[in-house]
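Per chain, numbering begins at 1; letters A, B, ... match sequence-line order.
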Amino acid sequence: MNPTEIYDALAEIAAAPFDPDEFPFAFAEATDAAKAAISKLRGGSTNKSDLPGGVLFNRKFHYAPAMTGLVEATLDQLRASKKTRTAKPAILITTDGETVAAEHPASGERRHFRFTEIGDNFGFLLPAAGKERYRAVEENPVDVKATGKLARLYDALIKANPDWASDEHRHEMNQLMMRLIFCMFAEDVGIFPDEQFSRLIFTHAGNRGEEAREVIIAAFRAMNLPKDRRGDLPAWTRELEYVNGGLFAGAIDAPRFDTIAFRYLRDACDLNWRQINPDIFGSMIQSVADPKQRSELGMHYTSVPNIMKVIGPLFLDDLDAEIHKAWDRPRALQQVLDRMSRIRVFDPACGSGNFLVVSYRELRARETRILQRLEELNGPGSLHMWSVIPITNFYGIEIADFAAETAKLALFIAEYQANASFAEVFGRSPAALPLKDAANIRTGNALRIDWEEVCPPPADGEEVFIAGNPPYYGAKKRESWQTEDMVQNGLGDLQLLDYVSVWFFKAARYAAGSSAFAFVATSSICQGEQVAPMWNALFETAFKIHFAYRPFIWKNSAADNAGVWVTIIGMKNVAPTVAKLFDDAAVSNVKEISPYLVPFKYIPVTAATKSIFSLPVMVMGSNPVDGKWLSVSSREREEMIETDPRAEKFILPYLGGDELIDGKERHCIWIDDEDLQDALSVRCIKERVDSCAAYRKTAGRDARKAADIPHRFCYSTYRNGPSLAIPNSQSSDREFIPAVMASSEVVISKEAFAIYYPPNHMFSIISSSLHRLWLATVGGRIGNGFRYSVRVVYNTFPVPKFTEEELAALTTSARAILKCRYSHYPKTITELYDPDGMPDDLRAVHRQNDDLLETMYIGRPFRNDTERLEKLFKLYAARVKALDKGGK
DNA sequence: AATCCGACAAAGG
DNA sequence: CCTTTGTCGGATT
């Protein structure tokens, strides 16, 4: 059962009348206990409770009924119970039918809520189902504020100096921002003496910033020179620190500051940069720069919560468990430290280094905790150790030179901050300036560089963890050099895959597959047509999925977020003992994670050119590629007919997603070849056909080929017969796929699929929950919505062999749904299938339809989606096997 | 020959 | 502004 199913089951308990004896068993069932386990529990043989009326389910929950108003006292009894200590239930729970009191014995966390709100508290109750909650780190509001201030400064500078927005100045502009940020940060954290930089700037730049440009240039040049070599510079620069480290090397220039820009500079200086999160330090610079650049070169920075979602399950969680186990044993703690000193983190698409910075910070924080504990165990003063985690253990590749430089700087600042908190705890730290060791950041194209040369393979006792958020480009979006990257990495036959997939393959090949890796990626590598080609090839290596996230929408604190749904996948070259499948706030411990991001054995569903279960042929609707010239709105149609009644013959109803789902009306120009002369004699028709021809001449390859037959759709599947139409892309919020029956004259557009002359029972099958589940699992998506398809979804959909009687029953059921819909005329599909407002009778006929069809699969309706999917995959696999044996 | 996709894109609230 | 939800053209198979 997935968390949603558990939620539903719990909500059902809350809605039913309370029965103190039955409640624990209903709760067990709702939290995914096996039928057999429940009946044993009911029989008493496995019930270990030592409380009156209590039920203790080993490792899951301990329940006792409470007298009215006494839930608190009963919960205390549950906690005090000896059996609670031995059976280690994940949840203590009691209720009097009005209030529920529950506790996690492991953490002592308690919660009280009304009985009717059990469903809403499912997150708290999930441990009873063997699932933990997983809390992501919150975003830091100071970072967001700082980004805004920098963006305003940046915009003001560009406004005052339009030429600085040009390509040749952009690098200098960004460099200026980076140097300014470093100075603002340094003077706030004590790398520079207190407020030194801003004091000098605002003393010497004039009241309105007239001299700001010259002053900033002088200051930056000074920081690149040892103090005794600043003879050519103004005397006031003498007191500035020598920073070096490459940060102030090279050309130094600055744009002119006008009053507004100067005020924003002051504004930015006033911010307390001490609280800045160095994790996103570099990304801030990128997010204030030209928004157009953001979509290029993978410049979408990953937020800290999302980075934690990657590196937590990749190696931090495991490390934490080890620390926890070693907590009372100095020797064991020392071993953990040794291990940590040999952990290297490698991000082959590092951008401004966020993953490396966060990894570094997290490791240093754990190290400090261990050192503190060692001092506690061995006595004060027993510790003379310095950090064993060198910044040189962090490796990155980045294609943009500027981002690579930023990554080094961000890591330096992270190191400084880690040292500062070390000093706070232990009272000592090394000097901060000039900058010394740097992380191993390489500038270049990660897909053309040998990774082992950048980050040497781990020797015995060493570990390399590869993590990152590489760029995504779909097959039709990427540049030819990116496609060439794929070819160079042996993916020449897999060009339909997203660009991001190459990082998975390259990581699996790195160091003979000896290291674990985890990447954020577009969710489309786990959906639709990409799944089988990508994962069949990747699973030829020994790598298995150890953890994964169900798709979630991309978000960071940048102003403009990318519109993409992503997943995170972590892999290792051994089978996992427990795989972790994350879904929102919950994590399920499962045996295996399929690339479809469901807890099943992987069964690749391969696109098929015809239904492998012998369903009738389905085609995609007709695709005009017409520059919209052959498409006609209702009003345009009326106008055209009014101008010339002969036009009516050449305008047919046109059905796409909007028309099917939302009841909109639309028409299209449809001219049979033999009617061409007649049609072209109608002026308003000829105008549109000519415009279509003009459009096609400038369009893509296939459209150009069709430029001399502009009266016809570029691709046509119209058959002038009755059809069953299914929308192409649609919301995933509806409970059923809204297929409709269309009459002969209706042209199905490519935004819908059609079965022409459909057998009536097909409507019943397409409308079923089983079919929707198949679509949701193996189909492609657009955003979070469904995307129907012929080859991946329909042609692979498993059905049993129906008898004539069964087909007749399905036909009757199909008619009942259609009749019910008709009784609500003129409601549109959107209204009829509104998730919150679906008419009860319509839901009821759909449920009957589901029960009828499902009984034909297994002799009874399925219990839940888990059971449904199991059966569908089983049928699919068996069919594929049978077809293979048949020699095809 | 025709698909299934989009670090989406436009409409709706 | 943020949320919701399915267009449209076309490089790839």
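Among residues at least two apart or in separate chains, salt bridge (Lys or Arg N to Asp or Glu O under 4.0 Å) pairs with a member in residues 706-729 of chain A are A/Asp673-A/Arg712. Legend: salt bridge (Lys or Arg N to Asp or Glu O under 4.0 Å) pairs involving residues 485-508 of chain A, not counting sequence neighbours, sorted by first then second residue: A/Arg448-A/Asp485.
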### Query
Where along nucleotides 8-13 of chain C does protein come under 4.0 Å, by heavy atom, of base (B) or sugar-phosphate alone (S), with - for untouched nucleotides?
BBBBBS
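Regarding A/Ile829, its CD1 atom lies at a distance of 15 Å from the P atom of C/dT5, rounded to whole Å. The distance from atom CD1 of A/Ile661 to atom P of C/dG6 is 4 Å, rounded to the nearest whole Å. Note: OH (A/Tyr473) to P (B/dC4) measures 25 Å, nearest angstrom. Look at CD on A/Gln730: it is 15 Å from P on B/dC4, rounded to the nearest Å. Atoms CD1 (A/Ile726) and P (B/dC4) sit 13 Å apart, rounded to a whole Å. If you measure from atom OH of A/Tyr718 to atom P of B/dA2, you get 18 Å, rounded to the nearest angstrom. Across the protein-nucleic acid pair, A/Asp836 atom CG and C/dT4 atom C1' stand 13 Å apart, rounded to whole Å. Put simply, CE on A/Met534 is 16 Å from C1' on B/dC5, counting in whole angstrom units.
Between A/Tyr788 and A/His771, the ring center distance clears the sub-6.0 Å criterion. The aromatic ring centroids of A/Tyr499 and A/Tyr472 lie 6.0 Å or more from each other. In this structure, A/Tyr794 has its ring center no closer than 6.0 Å to that of A/Phe753.
Residues from residues 769-784 of chain A lying near DNA chain C, meaning a heavy-atom separation below 4.0 Å, are A/Ile782 in numerical order. Within residues 523-531 of chain A, the residues approaching DNA chain B are A/Ser524, A/Gln527, A/Gly528, A/Glu529, by heavy-atom distance under 4.0 Å.
Residues meeting the side chain to side chain donor-acceptor pair (under 3.5 Å) test with A/Asp836, sequence neighbours left out: none. In terms of the side-chain contact (heavy atoms from CB on, under 4.5 Å) criterion, residue partners of A/Pro710 (sequence neighbours excluded) are, by chain and number, A/Val689, A/Cys692, A/Ala693. Among residues two or more places apart in sequence or in another chain, the salt bridge (charged side-chain N to carboxylate O under 4.0 Å, His left out) test is passed with A/Asp702 by none. With sequence neighbours excluded, the residues forming a salt bridge (charged side-chain N to carboxylate O under 4.0 Å, His left out) with A/Glu687 are A/Arg683, listed by chain and number.
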Atom pairs under 3.5 Å: protein N/O with N/O of nucleotides 11-13 of chain B:
none

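Between the C1' atoms of B/dA7 and C/dT13, the separation comes to 24 Å (whole Å). Across the P atoms, B/dC8 and B/dC4 are found 22 Å apart, a figure rounded to whole Å.
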Hey, can you pull the donor-acceptor pairs under 3.5 Å for the side chains in residues 772-779 of chain A, sequence neighbours left out?
{"from": "A/Arg772", "atom 1": "NE", "to": "A/Arg734", "atom 2": "O", "distance (Å)": "2.8"}
{"from": "A/Arg772", "atom 1": "NE", "to": "A/Glu735", "atom 2": "O", "distance (Å)": "3.4"}
{"from": "A/Arg772", "atom 1": "NH2", "to": "A/Ser732", "atom 2": "O", "distance (Å)": "2.8"}
{"from": "A/Arg772", "atom 1": "NH2", "to": "A/Arg734", "atom 2": "O", "distance (Å)": "3.0"}
{"from": "A/Trp774", "atom 1": "NE1", "to": "A/Val793", "atom 2": "O", "distance (Å)": "3.3"}
{"from": "A/Trp774", "atom 1": "NE1", "to": "A/Thr796", "atom 2": "OG1", "distance (Å)": "3.0"}
{"from": "A/Thr777", "atom 1": "OG1", "to": "A/Leu773", "atom 2": "O", "distance (Å)": "2.7"}

### Message
What verdict does the side chain to side chain contact (heavy atoms under 4.5 Å, CB included) test give for A/Val531 and A/Val605, after you've listed the backbone C-alpha separation in whole Å, the side-chain angles of each residue and the deciding distance to 0.1 Å?
### Response
CA-CA 8 Å; A/Val531 178; A/Val605 173; over 6 Å; no
## Note on the structure
The dot-bracket string of DNA chain C, counting Watson-Crick and G-U wobble pairs with both distances under 3.5 Å, using [ ] for crossing pairs and | for pairs to another strand, is ||||||.||||||
